[in-house]
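Presented below is the structure to which this report refers.
Source: prediction; values computed, not measured. To find a chain, count down the sequence lines: A is the first, B the second, and so on, and within it residues start at 1.
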Protein chains: 2
Amino acid sequence: MLSFTEENYLKALVQLTGFEVGSKEVGVNKLASKLNVKPATVTDMVKRLKEKSFVNYKKYGKISLTDSGEKLGMFVVRRHRLWETFLHDQLDFSWNEVHELAEDLEHIHSEKLINGLDKLLGYPSFDPHGDAIPNSKGEIFIPFRKTLSEVEVNESCRVVAVKDNSSDFLQYLDKLGLKINDTIKIIQLEEFDSLTTIKINDKQFVVSPKFTENIYVVCPTCGKAKNCTC
Amino acid sequence: MLSFTEENYLKALVQLTGFEVGSKEVGVNKLASKLNVKPATVTDMVKRLKEKSFVNYKKYGKISLTDSGEKLGMFVVRRHRLWETFLHDQLDFSWNEVHELAEDLEHIHSEKLINGLDKLLGYPSFDPHGDAIPNSKGEIFIPFRKTLSEVEVNESCRVVAVKDNSSDFLQYLDKLGLKINDTIKIIQLEEFDSLTTIKINDKQFVVSPKFTENIYVVCPTCGKAKNCTC
DNA sequence: TAATAAAGTTAGACTAATCTAACAATTTTT
DNA sequence: AAAAATTGTTAGATTAGTCTAACTTTATTA
């Protein structure tokens, strides 16, 4: 059985090397800062994870997940996102309150529990932030999408997910009244200071690149991110 | 913040000294065997709990909970029993599957979560084994009841709770088809070997004292355990 | 390519929770 | 009340996960 800590390492590795991320490997420092521990700690722990065949690693080299490591990490992500969905859908938690609690709940080990939760929630495909939920085999299907920063002036798009799930950012979105599935129209793009004027539900806002780069969108008509002819 | 371990000690103390239990204090050995650790471990831990003012204790003396220790222990019991109820009512777990998982879930700290769960479940008063659930103030109300062994021959009674929550015992009850709220009639009492013949839903069984002492019942008509004139 | 910077490792220490084995206090029994 | 049994304590060791500080390796840059 894996400890909480080991699971957190595997989850962090999935997030740093899995999904649509560029590189399939990561360094000690980057992993350490993701986990809020010192590099020395990671070196130690990674040795232990290598013993158990969850990672590939050699001294002074990069770290990557083995197949079994990735699968276990994926299950942690599955549990995390299902609990977030439960808290949001069944207990009326707002999307900025769910992450912290799910950090604890994700470590409860019971396939029966998690599959029961999945069923109770109606086998959701996405969590409250629009992130895909891995299925019971540990597979994840991430739909194509682009960031708001890739949308042209005068174009409209539909919000499908939020990249930065920090409480601060989500509370800012709440203040703007932005929710998943809302439509955003790009009104104006200021080359000089990179600010963008957008319209959400007929209200106009000026936002920074920090905003446009952290909102995932698709075409509101066809649902595609690229090559849409609508 | 309390650690998992500290919470387990407080919960064990509540179970050994709280509720309708006779003595308000307990020895190191008894607590150790309840927690499946060695007495030496308890001696150490109890010193730490005393530092934090959760228990009263002095060398070679008995252990008892302070008010704050009892309150925290009671909250652990509340969380445990609400999770058991959730697993049973919402995820179709049988009553012999809920305990083990609730042992982990009870340590998730969030008043909002637990009160949300309480609401979702419709503020239940009893868990799947018929045990009372402490309210959000940490108060518990245990209704009067007696064990099946106190019921006279020819008398009928209604099952309200099960004392021994072990998986083995609960599975045995399943085999007999016994559920909370079922009616049991005492058919015959064998003085010689202490076996009792009972009728559950018109089926007859012979059971041992281990059975009759672990089933809590009340009068099926008035719901009282003592002085009923029905 | 040599100097500097960045990244990674090692050794030694710490904490919480546990253990075993030896010992000490208390309680029960004779 | 002395002996025996029970109960509880202490000291020292162990494990997981972390840290700091000093050191080593690899990468970058002048």
Rounding to an integer number of Å, can you tell me how far A:K62 NZ sits from C:dT9 P?
11 Å
Measure from NZ on A:K59 to C1' on D:dT25 and round the result to the nearest Å.
10 Å
Does any N or O in the side chain of B:Q90 come within less than 3.5 Å of the main-chain N or O of B:L87, such that one atom is a donor and the other an acceptor?
no
Does a donor on one side chain and an acceptor on the other come within less than 3.5 Å for A:H107 and B:D104?
no
Just call it for A:K47: base, sugar-phosphate, or nothing, with non-hydrogen atoms closer than 4.0 Å on any strand.
sugar-phosphate
Atom-to-atom span, CD1 of B:I63 to C1' of D:dT9 - whole angstrom:
12 Å
How bent is the helix from C:dT1-D:dA30 to C:dT30-D:dA1, comparing axes over its five end pairs at each side, to the nearest 10°?
0°
Tell me whether the rings of A:Y172 and A:F211 are parallel (<30°), tilted (30 to 60°) or perpendicular (>60°).
perpendicular
Scan A:D118, A:D127, A:D89 and name whichever one has a salt bridge (charged side-chain N to carboxylate O under 4.0 Å, His left out) with A:R81.
A:D127
Measure CG/A:L49 against P/D:dA16 and give the value in whole Å, please.
12 Å
Once you round it to whole Å, what is the distance between C1' of D:dT9 and NZ of B:K50?
15 Å
Report yes or no: does B:T66 contribute a side-chain atom to a donor-acceptor pair with the main-chain N or O of B:S53 at less than 3.5 Å?
yes
Determine, for A:E6 against A:R48, whether the closest basic-nitrogen to carboxylate-oxygen distance falls under 4.0 angstrom.
no
Candidates C:dG8, D:dG8, D:dT10 - which lies nearest the side chain of A:T43
C:dG8
How long is the line joining CG of B:N29 and P of C:dT27, in whole Å?
13 Å
Pairs under 3.5 Å (N/O, protein and nucleotides 16-25 of chain C):
unit_1: C:dA17; atom_1: OP1; unit_2: B:S3; atom_2: OG; d: 2.7
unit_1: C:dA17; atom_1: OP2; unit_2: B:R48; atom_2: NH1; d: 2.2
unit_1: C:dT18; atom_1: OP2; unit_2: B:Y9; atom_2: OH; d: 3.3
unit_1: C:dC19; atom_1: OP2; unit_2: B:K38; atom_2: N; d: 3.0
unit_1: C:dC19; atom_1: OP2; unit_2: B:T41; atom_2: OG1; d: 2.5
unit_1: C:dA25; atom_1: O4'; unit_2: B:Y60; atom_2: OH; d: 3.4

Can you tell me the distance, in whole Å, between the NE2 atom of A:H107 and the P atom of D:dA16?
18 Å
Whether the A:E7 and A:S3 side chains hold a donor-acceptor pair (N or O, under 3.5 Å, no angle test) is what I'd like checked.
no
Are any side-chain N or O atoms of B:T17 and backbone N or O atoms of B:V14, one a donor and one an acceptor, separated by less than 3.5 Å?
no
So does A:E106 pair up with A:K11, basic N to acidic O under 4.0 Å?
yes
